[in-house]
Amino acid sequence: MSTEEKPVSAPRSLAEALRGRDDTELAALLRSRPDLVTPVPTDLTQLATRAGTRASVVRALDRLDRFTLQTAQALAVAADPAPYGELLGLLAGDEGDPAVSAALPGAVRTLREQALVWGGDDRLRLVRTARELLSPSPQHPSPTGLGPTVREATAGMSPGRIQEIVTAAGLPSTHDAVSAVAALTALFTDRERMAALLAEVPFESLEVLERLVWGPPYGQVTADPATRLRRLLDRGLLLPTAPGTVVLPREVALHLRGGRAHRAVEPVPPRVGAAATHSPRTVDATAAGQAYTALATVEELLKDWDEGGPAVLRSGGLSVRDLKRTAAALDLPEQVAAFWVELAYLSGLLASDGEADERYAATPAYDTWRERPAAERWTTLAAAWLTATRTPGLVGGRDAKDHTLSALGPGLDRSAAPEVRRRVLTLLAELPEGTAPDAGSVAERLRWERPLRATGGATGSGPTGTDTGSGSGTGTGDDLRSRLARWTLTEAEMLGVTGRGALSAHGRALLGMPAPASKAQPQAERADRAPEPAGPGDRLPVHHRPAAPYPDSPAPPPPALTAPTPAEQAAASAAAARLLAPQLPEPLDHVLLQADLTAVAPGPLRRPLADTLGVLADVESKGGATVYRFTPGSVRRALDAGRAAADLHAFLAAHSRTPVPQPLTYLIDDVARRHGHLRVGAASAYVRCDDDAMLNEILADKRAAELGLRRLAPTVLAAQADPIGLLEGLRRMGFAPAAESAGGDVLVTRADARRTPPRTAPEPVPEGPPVPDDTLLAAAVRAVRAGDLASTAPRKAKDGEADGTGTGSGELPRTGVAETLATVQAAVLTGETLWIGYVNAEGAASQRVIAPVRVEGGFVTAYDHTADAVRTYPLHRITGVAELADDEN
């Protein structure tokens, strides 16, 4: 709000400044600082108090971009209050900087909107807690590198010593220390006189000042300082703060800096550089190929765990050994395998079964997921990844207790992950189509947008952001947000959100962003046309766009990307699925059988065919075409699943584009002829067979020694091993036994038999209070307005009161029951408005302004001005009543 729009009288406090805001501005404040709305403040005074608490201010500072934070830091070292011109001088310097001049109004507006700064442009005030956090102190130097003012540095100095410094600086002596300090401050802030004073200082003394000018401003001296230091101490250019310690006064440092509070001011965010450029068609095709590979990888992972996956560690998660086994089965590096395991868990397709011997397995949702179209299955994975706080990139690292972080285990949640993922992809969307970003420039942009997070945020005593120095940023390059950005770029490529590093069309739709104008053109028209970059405002949806900047000022980035609602995300996922579906290959209903006992699938197979073939054969190689190999073990697996030899022959004949090779027919018949000839059941375990010669062969085999077999009857062998171990042992010996139930029937085992009980996907860990929706914001603003009306309504003075303020601020009125009843009854007759204190059934106290209409049966019916509705109040819950003062207007 400009100074012309403000009331004539300047606000005397933050609460008064908030009262000058309209409902839209109050709602914007509560949306940007959601901690202020939980619980809803009773009035604007309480809102202002809460906005000035340390925890809330630290959280608000943590979400400022670098230039806005530099503006707050400059205000912390400026006068209190400071005029706009002084603030501009601290940021732009004596020579001025057009970029700073253009960006500063937007930064000040942001600080005002965040309730970190209040007052008009002639009296800018930083909230006291923010000033305490950002102001210089010996224990916590200012991020600007400035030290205390002359007045602060000389607070404990003797008046005689101050007079000596004033005299040495060429100033007339004064009658008291206060005026002496004021004269010295005036000298140091006068550029011409200060230049003349420094001209008298030898070069070697000026070198000392140069070492301190950009901070830290403190230095150590001996009890007998050298001559070059003595000259500075005599003139007050260095001031002692403690025995052996001197400081460069703020006014002196600012003169040497040319008026700048920071060495390098960054009013404009760094641009995201381009690493490579590809055609949009190539990007979309590559991303679609990666999306298909992602689906195949997740299916392969869960198929491997269909009958029960690895055991759950006692501390939770997957053991290092099991992760290595999974990585080997998927033929992937361990870190990449951890990503796919976590993604299946995030999507609700994988969970622990909760049994005593707890193991991981697919959930019932996996079966439903497999039946959906491929594009919809991909959006399920991508949407879960986009909003998840679990961070697979941390797997293998160490936590605060030096414990290894395991996949699917605790300690992997990072609340900043969803915001960083969405922000990184948004930055990619702002690039021209087909442009892959430079990863380093993406990380640098994120550090500019959240500098305090790049340096560890706010510590126990306040923000620790350092001076930007050369302008390369405050981050170390390996802060959490930078690592999250690198992982986002890698994971987005593996998942198929990006292709060759550039954001794909379906990836853009997943973010809820409209397709570029060129996408509406026919393919033939834009095949040879270079894409034209669109402005950020054209690419950002409503909930991504920053607020409109001041005229002629660059638009700042959004302080935070608002997470879409479930309905918005569902619509975005549906749009992404529509764009991706034509890019994915159509599932096939046939394979090519070959004489070497292999089958070639030239593309993805339809679900029934893929499921049956996955049981009947083993995958030998994957790629554009999948090669399956038929073996005795794979055929036996199909027979164990309840298929007969005739069923297998019919299945292959129906789905092969080539004749069924004779070797494959012989293999199936041979395995089927021997399958089930032996029967294994539970005694401890036994083997039953009508062929006595076969049992003799088993007993004579040396490999059977470990099974502990002995003959119980001509057709029965007993074993010391359990039935499962006995089955596996006999199969290793080359036999084809079948499991038998207690009733003597063959047990049919199916690959998808093991599922966990219904499980929900893990909930993201929120970063602070959730952002309130529009309904809650509107209700909160109404409640705050109502409470403020009740607490600030002028009341008639009672006997013994000097004015009409009545009780203290926020204190409920107190009157006796008889007085309350009489006052309310009189108000019914006269139509007057009253101020009451009220305690509801839950014990919550509030102040209300009412116009009583009727009093009967112990209840007061009145029009409640604070609620803008007719309400009924029990008399015994009214703590007191007071008459409002007459409106002088």
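The chain is numbered in sequence order, starting from 1. These values consider heavy atoms only, across backbone and side chains, with no hydrogens, waters or symmetry-generated copies.
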Notebook entry, point to check: Taking 4.0 angstrom as the limit, do E132 and R54 come out as a salt bridge?
Noted result: no
Check: Any salt bridge between D121 and R112, counting N to O under 4.0 Å?
Finding: yes
Next item on the list: Considering non-hydrogen atoms only, spot the tightest contact between S441 and R271 and give its length.
Entry: CB-O, 3.9 Å
Next item on the list: Please report the C-alpha distance between E200 and R231 in whole Å, then the side-chain angles of each, then the deciding distance to 0.1 Å, and finally whether the side-chain contact (heavy atoms from CB on, under 4.5 Å) criterion is met.
Entry: CA-CA 10 Å; E200 301 174 359; R231 294 191 183 98; over 6 Å; no
Note to self: Using the side chain to side chain donor-acceptor pair (under 3.5 Å) criterion, which residues pair with R33? Sequence neighbours excluded.
What the structure shows: S56
Next item on the list: Kindly indicate whether the side chain of L116, heavy atoms from C-beta on, has any atom under 4.5 Å from the side chain of L75.
Entry: no
Check: Can you find a side-chain donor-acceptor pair between E251 and T149 that sits under 3.5 Å?
Finding: no
Next item on the list: Report yes if some heavy atom in the side chain of P148 is under 4.5 Å from a heavy atom in the side chain of Y218; otherwise report no.
Entry: yes
Notebook entry, point to check: What are the two closest heavy atoms between L238 and V208, and how far apart are they?
Noted result: CD1-CG1, 4.2 Å
Notebook entry, point to check: Is it true that E419 and R63 make a salt bridge, defined as a side-chain N closer than 4.0 Å to a carboxylate O?
Noted result: yes
Margin query: With heavy-atom distances below 4.5 Å as the criterion, would you say the side chains of V181 and M157 are in contact?
Written below: no
Item checked: Test: R66 and E449 ion pair at under 4.0 Å -> no
Notebook entry, point to check: Who passes side chain to side chain donor-acceptor pair (under 3.5 Å) against R228, sequence neighbours left out?
Noted result: none
Margin query: Using the rule given for side-chain contact (heavy atoms from CB on, under 4.5 Å), can you reason through L126 versus W118, listing the C-alpha separation, both sets of side-chain angles and the distance that settles it, and then say yes or no?
Written below: CA-CA 7 Å; L126 192 64; W118 57 278; over 6 Å; no
Check: With sequence neighbours excluded, what pairs up with R235 under the salt bridge (Lys or Arg N to Asp or Glu O under 4.0 Å) test?
Finding: none
Next item on the list: For the residue pair T389 and R414, confirm or rule out a side-chain donor-acceptor distance under 3.5 Å.
Entry: no
Next item on the list: For residues A780 and V37, report the shortest heavy-atom separation together with the two atoms involved.
Entry: CB-CG2, 3.6 Å
Notebook entry, point to check: Which heavy atom in A103 sits nearest to a heavy atom in P267, and how many Å separate them?
Noted result: CB-CB, 3.8 Å
Note to self: Would R12 and E16 count as a salt bridge (charged side-chain N to carboxylate O under 4.0 Å, His left out) here? Give the steps.
What the structure shows: CA-CA 6 Å; R12 295 171 297 178; E16 287 192 11; 2.8 Å; yes
Next item on the list: Look at the side chain of R398 and the backbone N and O of L405, then say whether any donor-acceptor pair between them is shorter than 3.5 Å.
Entry: no
Check: Given R21 and L29, is the side-chain contact (heavy atoms from CB on, under 4.5 Å) satisfied, shown in steps?
Finding: CA-CA 10 Å; R21 299 190 179 192; L29 170 62; 3.9 Å; yes
Next item on the list: Check R390 against G409 and note the closest heavy-atom contact, atom names and distance.
Entry: NH2-O, 2.8 Å
Note to self: Restricting to salt bridge (Lys or Arg N to Asp or Glu O under 4.0 Å), what partner residues turn up for R193, sequence neighbours left out?
What the structure shows: D190
Check: Do the side chains of V784 and P41 get nearer than 4.5 Å, heavy atoms only?
Finding: yes
Notebook entry, point to check: How far apart are the C-alpha atoms of V221 and T245, what are their side-chain angles, what is the distance that settles it, and do they pass the side-chain contact (heavy atoms from CB on, under 4.5 Å) test?
Noted result: CA-CA 6 Å; V221 297; T245 303; over 6 Å; no
Note to self: I'd like to check D234 versus I165 (side-chain heavy atoms, cut-off strictly below 4.5 Å). Are they in contact?
What the structure shows: no
Note to self: A side-chain contact here means heavy atoms from C-beta on lying under 4.5 Å apart; do R125 and V117 qualify?
What the structure shows: no
Could you go through residues 254-261 and list every donor-acceptor pair under 3.5 Å that involves a side-chain atom there, pairing it with any protein atom two or more places apart or in another chain?
{"residue": "R257", "atom": "NE", "partner": "V213", "partner atom": "O", "Å": "2.9"}
{"residue": "R257", "atom": "NH1", "partner": "T144", "partner atom": "O", "Å": "3.0"}
{"residue": "R257", "atom": "NH1", "partner": "A261", "partner atom": "O", "Å": "2.6"}
{"residue": "R257", "atom": "NH2", "partner": "T144", "partner atom": "O", "Å": "2.9"}
{"residue": "R257", "atom": "NH2", "partner": "G145", "partner atom": "O", "Å": "3.4"}
{"residue": "R257", "atom": "NH2", "partner": "V213", "partner atom": "O", "Å": "3.0"}
{"residue": "R260", "atom": "NH1", "partner": "L91", "partner atom": "O", "Å": "3.3"}
{"residue": "R260", "atom": "NH2", "partner": "A92", "partner atom": "O", "Å": "3.4"}

Margin query: Is it the case that the side chain of E86 and the backbone of A79 share a donor-acceptor pair, with hydrogens and angles ignored and the cut-off at 3.5 Å?
Written below: yes
Check: Partners of D176 by side chain to side chain donor-acceptor pair (under 3.5 Å), sequence neighbours excluded?
Finding: S179
Notebook entry, point to check: Taking 4.0 angstrom as the limit, do E207 and R211 come out as a salt bridge?
Noted result: no
Check: Do T391 and L394 have side-chain heavy atoms sitting under 4.5 Å apart?
Finding: yes
Item checked: Any side-chain heavy-atom pair of L233 and P225 under 4.5 Å -> yes
Check: Under 3.5 Å, side chain of W448 to main-chain N/O of E266, donor-acceptor pair present?
Finding: yes
Next item on the list: Would you kindly say whether R50 and T38 are connected by a side-chain donor-acceptor distance under 3.5 Å?
Entry: no
